[in-house]
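Heads up, the thing below is written out as structure tokens.
First listed ligand is number 1; within each ligand, the first listed atom is number 1.
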Amino acid sequence: MSTSQQLYQRAKRVLPGGTTAAARVNRGFGQPVYMARGKGSRLYDVDGHEYIDMCMSMGASLLGHGHPAVCEALRQAGELGIMCAQDSVYQVELAEKIAAAIPCAEMTRFTMSGTETTWYAVRLARSITGRQKVVKFEGHFHGYNDYLQFNFWPPAAEAWPHLHREAPGAPGMEQYIIVLPFNDPAILEQTLSEQKDEIACVILEPLNYNSGGILPIPGYLETLRRLTAKYGILLIFDEILSGFRTGPGGMQTYFGVTPDICTLGKALGGGVPLSAFAGKRQLMQRVAPAGPVMHSGTYNANLANILPGLAFMNEVTKPGFFPPLLARCQRLYDGMNAAFQKTGLRARLQGTGARFGLLFGDAAEGPFLRASDLARQDWAMADRFFLATAKRGVYFHTTRHHGISIAHSDEDIEQVIHVTAEAAQASV
Ligand code: PMP
């Protein structure tokens with residue numbers, strides 16, 4: 001038995017499922033892969049295997065593992081007493097940097113996790129509009145808060161137009177949630193015009209990485225912007241995953257459509273838990289104590305996450321940060337797609353900026369516009385491929401999005417393409 005397998009047996013006695021996050025189980029291995037440490041683009045498991053990491057902390061480690069500026073920020077936080085539940089100059093600086101980089105982010109509030117942040121963003125929208133309902137899209141993931149945990153990736157029989165609750169235990173939120181298929185302007189227009197007096201906000205991933213990297217069709221975000229503005233509905237871009245993948249201004253800069261409110265997280269903390277909601281001044285002024293919408297918390301803007309957040313923003317706003325990263329992404333995407341074609345594995349990489357999806361079987365062919373298209377994914381083939389790459393030193397998690405970091409070198413990219421060709425051959 002490997003050390004990882006032994007640890008799993010031990011972990012299962014004290015951690016439900018042997019883990020602290022359900023999504024961490026690697027289906028290929030049938031258990032979580034326990035890691036000893038990470039450095040740059042690499043992960044090292046407890047059995048001494050070295051991997052090029054293509055998961056990158058589910059997108060949180062855009063700077064790579066243990067970036068020197070983040071480590072220095074953590075050292076500084078230690079020196080300053082790991083102070084929390086106090087305000088500091090660093091949160092002001094970070095909010096200023098976010099405002100300078102992200103179009104809608106005139107004011108920011110810091111939080112700890114994405115689940116918490118999207119919950120606050122919805123609460124703010126409901127308070128401002130005085131309306132109750134929230135529109136979300138099937139296949140768009142916003143964390144496990146009670147409002148938004150509907151129709152992530154439901155079984156076909158329970159998919160839209162059905163409302164599918166993802167986890168039991170939540171109070172009956174069904175009356176407040178409207179789920180729509182993404183990229184269907186007619187259904188969007190009809191729903192918003194019919195229920196305009198009841199809808200507080202529309203929340204979406206502007207680029208749906210959580211269903212494999214589905215792009216909005218041309219004009220869709222503009223339509224969404226126009227209709228929400230017309231009906232006084234607030235538009236929330238959940239940029240927790242999409243933020244910082246194409247540039248410091250997020251997808252709202254990339255697509256040139258500015259929402260009212262956005263949520264940030266993952267990459268923002270440089271690998272340390274930091275999240276935020278941000279928006280136009282007039283809306284954010286409704287947050288307590290400036291306004292009535294309560295938002296507070298012991299750990300909000302603590303030094304151990306604000307200083308790494310500052311370090312992250314300093315790195316990604318350097319003019320030289322994105323061009324080499326995006327060039328490596330393109331090389332990787334072209335190289336992996338060429339490897340799939342050459343080996344005849346029915347697979348396709350769908351990438352934008354520093355995050356991508358891998359589509360297998362029927363999903364690799366035909367349209368890729370909404371979550372129901374990802375339902376054609378051949379997960380058995382996907383999991384075979386992921387296991388075959390892991391055995392060859394490249395770690396893809398068995399999930400819907402993957403990505404590289406600034407720490408991935410040209411040699412890493414060549415190696416991933418080489419391993420893709422071998423693993424694809426083994427998975428046909
Ligand atoms: N929104 C999006 C778009 C996400 O991708 C995620 C996490 N995958 C969340 C919200 C939830 O964030 P967290 O895991 O920090 O709770």
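With a 4.0 Å cut-off on non-hydrogen atoms, Y209 does not touch ligand 1 at all. Of the heavy atoms in N210, only side-chain atoms (C-beta onward) come closer than 4.0 Å to ligand 1.
Q91 and S88 form no side-chain donor-acceptor contact under 3.5 Å, judged by distance and modelled atom types alone. A donor-acceptor contact closer than 3.5 angstrom is absent between the side chains of R328 and Q330. Under 3.5 Å, the side chains of T111 and T117 contain a donor-acceptor pair of N or O atoms. Side-chain contact annotation: D238 with T118, donor-acceptor N/O pair under 3.5 Å absent.
Near T115, the atoms of ligand 1 lying under 4.0 angstrom from a non-hydrogen atom of the residue are 11 (C), 12 (O), 13 (P), 16 (O). Atoms of ligand 1 found under 4.0 Å from any heavy atom of L241 (numbered from 1 in listed order, with element): 5 (O). For ligand 1, the atoms closer than 4.0 angstrom to any heavy atom of H142 are 1 (N), 10 (C).
Between atom CD of residue E106 and atom CD1 of residue I98 there is a gap of 13.5 Å, rounded to the nearest 0.5 Å.
Scanning the protein for heavy atoms near atom 13 (P) of ligand 1, the closest one is G114 N, 3.4 Å. Of the protein's non-hydrogen atoms, F141 O, 3.2 Å is the one closest to atom 2 (C) of ligand 1. In terms of protein heavy-atom proximity, atom 1 (N) of ligand 1 is nearest to D238 OD2, 2.7 Å.
When all heavy atoms are compared, the tightest approach of F356 to L358 is CE1-CG, 4.0 Å.
In this structure, atom 16 (O) of ligand 1 is in close contact with the protein, since a protein heavy atom lies within 4.0 Å of it.
Considering K266, M112, M58 only, the shortest heavy-atom separation from atom 8 (N) of ligand 1 involves K266.
The aromatic rings of H295 and F277 sit perpendicular to each other, their planes meeting at more than 60°, with 30° as the lower class boundary.
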